[in-house]
Amino acid sequence: MLKDFIRRRKYPFYKQPDAMDCGPVCLKMVARYHGKNFSMQHLRKLCKIGKQGTTMLDLIDAAENIGFKTMAAELEYNKLHRLPMPCIVHWQKEHYVVVYEVNNESVYLADPALNSKIKLDTAAFLSGWNINDDTQIGRVLLLEATRSFHEMDSKPEHKTSLWNLIPYLKLHRKGWFPIAVSLALASGFSLVIPLLTQMIVDKGIQGKNTNLLLLICLGQLMLFSGRMLMDFVRGRLLFRIGARTSITMLKDFLAKLMKLPFSFFDNRQAGDNMQRVNDNQRIEEFLTNSLINFILSAITLIVLGGVLLHYNWQIFLLFIVGAGISVIWSNSFQQKRKMIDQKKFKVLSANQQLLLEIFYAMQEIKLTGSEEEKKQLWEGLQDQSFDLKLEALQLDQRMQGVGAFINEVKNVLITYAAAMLVIHDQVTLGGMLAITYICGQLNAPVNQLVEFSRVSQNAAFSLLRIDEVQQETEEDFGVDEELNEDGPVDIVLDQISFQYGGKHSAQVLKNVSLKIPAGKVTAIVGTSGSGKTTLIKLLLKFYASSAGSIKIGKQKIEAINARSWRKYCGVVMQDGYVFMDTIANNIFAGAEVKDFNRLHEAAKMANMHAFFLKMPFGYETVVGRDGFGLSEGQKQRLLIARMIYRNPDYVFLDEATNSLDAQNELSIVNNLNTFFQGKTVLIVAHRLSTVKNADQIVVLQQGEIKEVGTHQQLLQIKGHYYHLIKNQLELGQ
Ligand SMILES: Nc1ncnc2c1ncn2[C@@H]1O[C@H](COP(=O)(O)OP(=O)(O)OP(=O)(O)O)[C@@H](O)[C@H]1O
């Protein structure tokens with residue numbers, strides 16, 4: 001039994017840093033079980049993790065890449081115990097967990113979304129594993145470590161622990177000295193107070209010495225005042241150190257984020273990055289609160305524990321046994337608490353998701369009349385949440401009630417034992433009071449030490465998550481070449497292929513070869529989803545192609561520093577963003593020189609000058625998400641003005657005029673045609689009016705180039721282009 005317990009404790013467990021990391025973390029746990037340590041960064045890359053996480057096929061590829069022989073199967077529950085363990089199972093149709101052991105009543109599993117391993121009974125396991133409710137069948141990925149796995153070198157994680165905070169703390173050396181002094185004095189106080197208590201009784205009361213009594217009380221008063229003053233000063237110092245450390249860390253974090261490639265943000269949910277900002281706050285809380293509480297508790301325990309031992313070793317032992325039983329009692333509830341936490345977490349996130357959807361989709365809800373449906377969904381979640389809260393409360397009450405009873409029994413026993421010692425003249429009455437005072441003072445530190453182990457684990461995990469971002473390769477790491485700029489040059493794509501995910505994901509671009517000539521306008525047309533935006537993103541170095549090469553003049557795009565390249569590009573994307581800032585600053589965005597004459601010119605070309613002048617504060621009016629509202633068409637024209645102000649050599653427009661009315665479009669397209677003179681331009685558009693004057697038109701269908709030519713040439717061959725724009729021709733555009 002004990003052997004089983006020890007063995008199970010050794011099963012590796014890792015928590016997933018990001019919402020979509022369950023696949024690679026499961027692989028990490030299984031590899032660790034077999035003795036190899038692979039970093040999350042490495043496994044994430046192998047799993048080709050995207051916003052939707054990893055597919056079973058990509059997980060298999062990744063496992064085979066590190067030397068596992070794999071077999072994926074759909075299997076009946078009663079066969080699970082015969083499989084080689086550990087294995088990975090598909091969980092609740094959207095998640096992966098590791099199963100370490102299966103026996104008659106229970107399944108031991110490691111769910112990376114939780115804080116530690118859990119044991120589930122068969123019914124609970126089946127409810128998460130079953131493919132559907134009527135069967136006892138689920139999906140499993142079996143992994144066998146082969147020779148090549150054992151011969152492979154580990155690629156361990158960059159080492160992170162709470163010690164990594166030391167360089168940050170060193171920045172505030174001066175503040176730590178007074179804190180250390182205040183802690184030393186605090187420990188002195190905790191030593192002196194029980195001794196003073198004893199003196200009051202033994203010397204003051206029993207010796208009927210009123211002067212001494214007064215003196216001790218005065219001394220006690222001064223000690224308390226001193227302690228309060230020190231707590232006050234320490235609180236301030238800690239706040240400064242914690243807040244400054246957190247700001248420095250946050251600054252480093254944001255500086256790093258800005259240097260990361262676009263794919264980093266594309267592959268993660270925004271919530272994961274926000275979570276990392278919260279992680280910084282958690283570390284601040286750890287430094288300013290938990291760490292000092294821990295040190296204080298440890299000092300109090302050592303000093304008061306020593307004094308108690310000095311008074312009487314039997315009472316000391318009684319205290320240790322009592323405290324030990326109470327800690328074991330609270331720990332015995334861990335498993336149940338974890339399971340309730342898991343359910344609570346799910347309900348909470350579903351609740352948050354639903355509320356967000358209700359706020360964002362209010363228009364659709366009203367239009368479709370689904371108010372009642374959404375309300376019922378929400379109420380259902382509230383009922384579940386209520387049941388879980390009640391369950392948690394009952395558990396807590398049982399735990400705390402019995403815990404308090406154990407504590408009281410311990411206190412009564414100690415009082416009884418101390419009283420017996422007084423009766424047998426082994427301890428004075430003052431000594432007895434000092435002992436009960438000490439035992440009372442020791443309860444809180446014991447609980448705080450237990451709590452600290454949990455808080456420090458969370459802080460270490462937060463630090464790991466922040467450090468993971470610090471370890472990511474920067475967009476321009478080792479890429480120093482500037483663009484050789486003597487005016488625009490040709491951009492040449494040679495056999496470009498691209499997939500967003502792993503090798504099993506869809507090919508978005510297939511062998512695309514294309515010359516975008518310097519100083520000319522190239523238009524790309526094609527049905528929705530044919531890869532037009534993706535092509536622009538490759539040209540802007542947001543992604544690297546899976547195969548083939550892109551050259552800007554004679555330089556390979558991958559050799560050119562991305563920031564240097566983008567300096568020469570003016571882009572209006574389909575989902576371009578208007579910052580919450582003034583109109584002027586929105587147009588100046590990223591510009592080194594702020595020239596108001598040029599700003600007005602750009603706005604005029606985008607047909608927005610007159611409109612901006614009519615705004616409440618003209619060009620100083622704040623627009624954007626929470627600013628003054630702009631229509632889609634006005635937003636697009638502002639983005640066009642921004643692009644014009646940059647006066648780039650290379651222009652990329654992705655459906656930049658699709659929200660404009662015919663009148664505005666005509667006039668802006670005319671202005672742009674003048675602006676395009678001498679620039680290399682790539683336009684993605686559906687509207688005939690935007691593309692027909694292009695020097696060359698490229699037709700992209702399902703990631704492949706089908707036709708290239710001028711409007712007239714393509715009309716004549718009556719192929720893909722003709723069919724794409726036929727309706728617009730008939731409409732006479
Ligand atoms: N970040 C992404 N991750 C995974 N797949 C993506 C991503 N972005 C686009 N895709 C997929 O790539 C394919 C091409 O998308 P893309 O946006 O390039 O098409 P498009 O031709 O610009 O379409 P539209 O005319 O509708 O804007 C689509 O099937 C889309 O689902």
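Because the structure is a prediction, the values reported are computed rather than measured.
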Suppose we screen for salt bridge (charged side-chain N to carboxylate O under 4.0 Å, His left out). Which residues come up paired with Lys251, at least two apart in sequence or across chains?
none

By salt bridge (charged side-chain N to carboxylate O under 4.0 Å, His left out), which residues pair with Glu474, not counting sequence neighbours?
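With sequence neighbours excluded, Glu474 shows a salt bridge (charged side-chain N to carboxylate O under 4.0 Å, His left out) to Lys256, given in chain and number order.
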
Quick one, Leu46 with Ile66, criterion side chain to side chain contact (heavy atoms under 4.5 Å, CB included). Give me CA distance, side-chain angles, the key distance, then yes/no.
CA-CA 9 Å; Leu46 294 180; Ile66 55 172; 3.7 Å; yes

Arg44 and Glu468 ion-paired at < 4.0 Å:
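Counted as a salt bridge, because a side-chain N and a carboxylate O are separated by less than 4.0 Å.
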
Of His711, Glu707, Gln713, Lys706, the residue whose pairing with Tyr721 passes side chain to side chain donor-acceptor pair (under 3.5 Å)
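Only one option passes, and that is His711.
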
Can you name the nearest heavy-atom pair linking Ile560 to Ser564, along with the distance?
CG2-OG, 4.2 Å

Any side-chain donor near an acceptor of the partner, Thr534 and Tyr500, under 3.5 Å
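Present: a donor and an acceptor within the cut-off.
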
Quick one, Ser667 with Asn670, criterion side chain to side chain donor-acceptor pair (under 3.5 Å). Give me CA distance, side-chain angles, the key distance, then yes/no.
CA-CA 5 Å; Ser667 129; Asn670 279 338; over 6 Å; no

List, one per line, each side-chain donor-acceptor pair under 3.5 Å for residues 608-620, sequence neighbours excluded.
| from | atom 1 | to | atom 2 | distance (Å) |
| --- | --- | --- | --- | --- |
| His609 | ND1 | Tyr619 | OH | 2.7 |

Any donor and acceptor pair, going by atom type alone, linking the side chain of Trp565 with main-chain N or O of Ile552 inside 3.5 Å?
no

Salt bridge (Lys or Arg N to Asp or Glu O under 4.0 Å) between Asp279 and Arg465: does it pass, once the steps are laid out?
CA-CA 8 Å; Asp279 282 335; Arg465 244 194 320 215; 2.8 Å; yes

Would you indicate whether Gln507, at its atom CD, is surrounded by more than 12 heavy atoms from other residues, nucleotides or ligands within a distance under 6.0 Å?
yes

